Number of protein chains: 2
Amino acid sequence: MDTQLARLPRTPGKRDRTKAQNRHTILAAARHVFAELGYGATTVRDIIRATPLASGTFYNYFRSKEEIFQAIQDESALRIRPRLREERSKAESVEAFISGTFRTFFEYVASDEHSFRAIRRNTDAIRVRMDTPEIIAGFEELREDLEAAIARGLFPPVDADYLMAAIVGVAFELAERMLRRQCGDPAEAAAFATALFLGGVRGLPHLHAALGNGDALPQETNQDDNGSVS
Amino acid sequence: MDTQLARLPRTPGKRDRTKAQNRHTILAAARHVFAELGYGATTVRDIIRATPLASGTFYNYFRSKEEIFQAIQDESALRIRPRLREERSKAESVEAFISGTFRTFFEYVASDEHSFRAIRRNTDAIRVRMDTPEIIAGFEELREDLEAAIARGLFPPVDADYLMAAIVGVAFELAERMLRRQCGDPAEAAAFATALFLGGVRGLPHLHAALGNGDALPQETNQDDNGSVS
DNA sequence: CTGTTTTAGTGACGCTTCGTCAACTTCACC
DNA sequence: GGTGAAGTTGACGAAGCGTCACTAAAACAG
């Protein structure tokens, strides 16, 4: 869908070059405007106005505001999905599977923080979460990997659909919280999520002090890889 | 903000009665239209068209589509929050706290399925999740309850903020999946989430058969209240 | 019961955005 | 250089937005 190599592999031609350029221009403008105004308040005109192009041109590339928003998210999804797959495919234990998944995800979120924030930014206290087809496909991949791991005997024979949902829920919600902390650390978030999935609340890392202060930056006792319950 | 009882407590007066009636009419129409068209595709005009009222009247009650959508969600939030608080306040153990929270939540979602679906319904494969101030307040309550439980020694001294986020993430994501199953059962979802939080993946209920079939309705071995790890 | 005040409903209005499309420009190929 | 295809442009009609002067009627006062 990107470059039409039907005729000649080299010399993309001016037409194809400006086409790619325009698409990129519009996407960049959209990212910027979404981050500025939030998804709800942004109009297609706002995006085009942040561009030297005419309004009609927008519709040569995307059908609607919704579609360009999807495209932005799909880019992120396509970037992270292979990493997650690889991490899980080489896992030889439940620990590796779970901790690899969370670590990779939180590190990606932290590295692509700008996109992530742009996507979430919204008016007032309202957050919008959109699951595009590409993102949903990522969920399905996780479920397939879980089913394969169960078949291999790595995981006990549990409800893979619910387990996938639980992992996804924790991943997104913790990512949100992690970014909200001034010094949010992907490793810390991953350690928390991993410990939870391996040993439940009793296996979670303990804080040293600062009880009753929810927003404090937590120090945890390092309970190495193993999620032993107390 | 609701009823002006400044003068007389009884005989609400015709003015106040039609006011309440109109508000209710508009909210009912909105619920219906949101469920029909999805949030994104719905316009304020669609809502008032489903009503005998004039367009200007809408703005006497709500400032925008966003605000009425919030109002609908806040109604749900206000209905469930007291139940959750009570359930958690009387918990004498980690098990009771966790299982009470999830059971109450999933039962509510199943009972109010219509609202829940109306809120989620959207064009295509896109899901929108909005966290209104009332809903966020519910999250804060959960965190406070967790902090109180930690102070009481019920929970180990863990990161209450992350634990709250994890519970929220699992609750919403599992609820979504539960409704998607033709025979989704709140008790089953609650059992799954509770086991996960008490003992991690190794403590999850085991399926009897049907491996490799993600959409199958799961039968679990009943590992009673206690989330023992294998 | 009548006159006055206060409150809320109405729908037309000016404004913005939407998505389209005929005319025009630019590139590719002969 | 000429011709056709591809892509850009901005104006257009349709529709939604939020407002506001106007009207109806409930509440209140005498």
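Predicted, not measured: the structure shown is a model, and the values here were computed from it.
Atom CG in B:Asp46 sits about 15 Å away from atom C1' in D:dA14, given to the nearest Å. Between the CG atom of B:Asp16 and the C1' atom of D:dA27 there is a distance of 11 Å, given to the nearest Å. Protein atom CZ of A:Arg45 is 13 Å distant from nucleotide atom P of D:dT9, rounded to whole Å. Between the P atom of C:dC27 and the CZ atom of A:Arg17 lies a distance of 10 Å, rounded to the nearest Å. Rounded to whole Å, the distance from CD1 on A:Ile68 to P on C:dG19 is 13 Å. Whole-Å rounding puts the B:Tyr59 OH to C:dC13 C1' distance at 14 Å. The nearest whole Å value for the distance from the CG atom in A:Leu53 to the P atom in C:dT26 is 14 Å. Atom pair A:Ile48:CD1 and C:dT17:C1' shows a separation of 13 Å (rounding to whole Å applied).
Between A:Arg49 and C:dT17 there is a side-chain polar atom (N or O) within less than 4.0 angstrom of OP1 or OP2. At the phosphate of D:dA25, neither OP1 nor OP2 sits under 4.0 Å from any side-chain N or O atom of B:Lys14. Considering only side-chain N and O atoms, B:Asn22 lies nowhere under 4.0 angstrom from the phosphate OP1 or OP2 of C:dA8. A sub-4.0 Å separation between OP1 or OP2 of C:dG9 and a side-chain N or O of B:Asn60 is present. In this model, the phosphate group of C:dG9 is approached by a side-chain N or O of B:Tyr61 to a distance below 4.0 Å at OP1 or OP2. OP1 or OP2 of D:dG10 has not a single side-chain nitrogen or oxygen of A:Ser55 nearer than 4.0 Å.
Here B:Thr43 pairs with B:Asp46 under the side chain to side chain donor-acceptor pair (under 3.5 Å) rule; sequence neighbours left out.
Aromatic ring centres of B:Phe192 and B:Phe102 lie farther apart than the 6.0 Å criterion allows.
Within the 4.0 angstrom heavy-atom criterion, only backbone atoms of the sugar-phosphate kind lie near A:Thr43; the bases stay farther away.
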ask   = For B:Asp145 and B:Arg85, what are the C-alpha separation, side-chain angles and deciding distance, and is it a side-chain contact (heavy atoms from CB on, under 4.5 Å)?
value = CA-CA 8 Å; B:Asp145 287 349; B:Arg85 277 234 117 152; 2.9 Å; yes

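For D:dA25, its base sits under 3.5 Å from the side chain of B:Arg15 at one donor and acceptor pair at least.
Distances were taken from every side-chain heavy atom of A:Thr57 (C-beta onward) to each of D:dT8, D:dC17, C:dG19; the shortest belongs to D:dT8.
Counted by atom type alone, A:Arg79 and A:Tyr108 present one or more donor-acceptor pairs between their side chains at under 3.5 Å. Under the 3.5 Å distance criterion, with hydrogens and angles disregarded, a donor-acceptor pair is assigned to the side chains of B:Ser76 and B:Asp112.
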